[in-house]
Each structure stands twice: as C-alpha cells, then as structure tokens.
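Quick notes on the structure that follows.
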Amino acid sequence: MRGPTGLTRGPQCRKDPMNAPHVPENQLFDLLRYRCTDPLDDVLQEYGDYIGQPREQVRAEYDRLLRTSVEEVGPHVQILPVLVSAIQLKHILERLQVMVGMAITTRATSFMDLGAGVGRDCIAFARLGIATTHADVPWPGVDFARWRYEQRGLTVRIVDARDIPGERYSIVGCHDVVEHVEDPIELMVRFVAHLTPGGFCFASFDLFNPIPTHLPKNDFYATFYDALLKNLGMELALGNLNPVQDVAVARMRVYQRTRPVRGAFAEELANIRNEAYAFAFERLGNLRSLLVSEHHRVAEIHRVLALAA
C-alpha cells in the first residue's frame, strides 16, 4: 500500500464552486473502471460477468427495470439500479469527487464507508492506497462488492455494520443510509466515535423522499441532526447554513471532528452514545409537544366545521 505521500501522485485535485477540492470526473472513472471505457458499458459488463450473462442481456434487464415498478421485478432490482445510478446521477458522482479530492489533499490514511452498498466508494479509496473498510448489513450487494474487490486485486476489509470493530478512521462516509435505519441516533454516534480527531465525515441524508424503503419517522431528525452532531464535537466544513436544505435534496454535508479522544474506544463510544440519546430525547420531546399542540388546534377547527356542515 502506498503511504500518504503517494497520494499526491494520483488524481489531480481542483476546486469546485463551493471551494472544495475534487478530482475531475474522468479521473474518478479511471479509479472505478472495471474493463470498458464507457462508464455505463463498464458497469453493465461488470454485473454481467458477475451473474454470467452478456452485457446486452444485462442492458435489456436494466431498461426493463426503468419501465417497471420494483415490486414486479426479479432479484436484479437489488443491485443493478444501485450500480448504474452511481455513474448516471450527477450528485452521486460529485460527492465522490469531493470525497476523493479531500482524501488526497488531507493525506488521509484510512476510510470506512458506513452502508457501503455495492462498494463504489470503497473501490475509489482502495485504489488510492488508503486502508479501506466496507461496513454494511448482510445483503446480496455485499457478496457482489467482495467479488468486485477481488476482480481488481484490492484489499478491502468487509465488516458487519451492526458490529463494527473499535477503530478510528481519517474519513467516514455515509450516504443514503439514515432514511433506512431504525435508529438514526446510533448511526450518528458512529460518525463521531469512528473518526480520528481532525478527521472528516461525509454524509448525505435522503429524507422527505416517500419511497417504500424509507422510514417516514426518520424525517423528524432533519430538524436537529446538525445540532446533534455539533453537540458531539463535529464542526460543519461544507454544506448549507440551513441543514434542512441539504437533506431535502440528499446533498452531501461534510463535518470535521474537533473533539479530542477521551479514553479508550469502548469508553468513549459509551459516553458519546449517552450524550447523543440525551440530546435527541430532549429535541424529540419538543417536537412531540409542538405536534400535539398543532393536532389539538386542527382538531378544534375540524370540530367547528363539522358542526356547521
């Protein structure tokens, strides 16, 4: 593995309009490439090789997925749209361009992707020579990601996101995950606990998006997740001043851990968790009071209108 100084000999970084370093799109595709020059052909070829089907047949299946609701299709719906969207959706590419750019300029040495999916971000970081950990719950995409790493000769450690080893990383990434998990508080606790002081967390929350796999209850966290992370010693490095603007469009926010290490990992994790749940308990209580009050107001109007009808 190359050391931190070797990173400067990789992709060249530029500044994006928000003054964040990023690698050009063509260099990012070079990091992700499997076999083909065209990015779409490349991912279709890769998935075809994985399942033993020609690229043309995989393309036909993908086209069918675009025309069909996910409830009516076969097993490929779990992986293929995720794989293709990574090279077709501009915001996904842009956030990885920034992540890689900041990893290079800050000479990051370690990276963990929480909810790593089919391994896109891990491939990019591992190809830079950064020690990379893929953290996710068991699902078919993990097996596909493992195969992808093997095809490229990359060393990527895969761990169960429910039982992450007690280690700290230069960079933690977590995109499009919080809207799926039962406990967003625990997820954000991990943002802090697994970062080295001065390390960066890159996070995107796809809230207020009513698709079947999202949990509507987690939309409530949009009102205070930013304050929670700041309370835990995370300073905003990139993002809108109003965090709701970012979660409403799944835009990436970048936080830097300013809190020093306080004890061994297990001890610090427990302390951070206690702080986080105390903070969330208060904020959710305030939201409940507001909701109850508004419910009573609307109920009274509804009662008056019903009597007048």
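Bear in mind the structure is a predicted one, so any value in this text is a computation, not a measurement.
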Exercise. Under 30°, 30 to 60°, or over 60°: which ring-plane class applies to Tyr149 and His134, parallel, tilted or perpendicular?
Worked result: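 Judged by the thresholds at 30° and 60°, the geometry between Tyr149 and His134 is perpendicular.
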For this session: Return the orientation label for the His180 and His214 ring planes: parallel under 30°, perpendicular over 60°, tilted otherwise.
Result: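 Answer is perpendicular, since the angle exceeds 60°.
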Within the structure provided, determine whether [X] and [Y] are in side-chain contact (heavy-atom separation under 4.5 Å).
| X | Y | value |
| --- | --- | --- |
| Met188 | Tyr225 | yes |
| Phe205 | Asp176 | no |
| Cys201 | Val254 | no |
| Val156 | Thr133 | no |
| His22 | Val100 | no |
| Tyr47 | Tyr62 | no |
| Asn209 | Glu179 | no |
| Arg283 | Thr223 | no |

Taking [X] first and then [Y], would you say they form a salt bridge - that is, a charged N and a carboxylate O separated by under 4.0 Å?
| X | Y | result |
| --- | --- | --- |
| Arg120 | Asp113 | no |
| Glu186 | Arg190 | yes |
| Arg59 | Glu56 | no |
| Arg168 | Glu268 | yes |
| Arg148 | Glu46 | yes |
| Arg253 | Asp246 | yes |
| Glu167 | Arg157 | yes |

Return the [atom1] to [atom2] distance between [X] and [Y], rounded to the nearest 0.5 Å.
| X | Y | atom1 | atom2 | result |
| --- | --- | --- | --- | --- |
| Tyr50 | Gln151 | OH | CD | 10.5 Å |
| Asp226 | Asn240 | CG | CG | 10.5 Å |
| Leu96 | Phe125 | CG | CZ | 6.5 Å |
| Ile130 | Ser110 | CD1 | OG | 8.5 Å |
| Asp30 | Asn26 | CG | CG | 6.0 Å |
| Asp121 | Leu31 | CG | CG | 11.0 Å |

Please report the closest heavy-atom contact between [X] and [Y], naming both atoms and the distance.
| X | Y | value |
| --- | --- | --- |
| Ala116 | Asp136 | N-OD2, 3.6 Å |
| Leu207 | Asn218 | CD2-O, 3.7 Å |
| Met252 | Met99 | SD-CG, 4.0 Å |

Problem set entry | Trace of the ring pair (Phe, Tyr, Trp, His ring centres under 6.0 Å) decision for Tyr255 with Phe200 | CA-CA 6 Å; Tyr255 297 89; Phe200 291 93; over 10 Å; no
Exercise. Around atom CZ of Phe220, are there more than 12 heavy atoms of other residues, nucleotides or ligands at under 6.0 Å?
Worked result: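 Count not over threshold, so no.
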Exercise. Any chance CZ of Phe265 has more than 12 other-residue heavy atoms, nucleotides or ligands included, within less than 6.0 Å?
Worked result: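 Yes, enclosed.
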Problem set entry | Exercise: do Asp49 and Gln45 side chains pair donor with acceptor under 3.5 Å |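 Yes, because at least one side-chain N or O of Asp49 sits under 3.5 Å from a partner of the opposite role on Gln45.
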Exercise. Between the side chains of Thr196 and Ser170, is a donor N or O closer than 3.5 angstrom to an acceptor N or O?
Worked result: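 Side-chain D/A pair, Thr196 to Ser170: absent.
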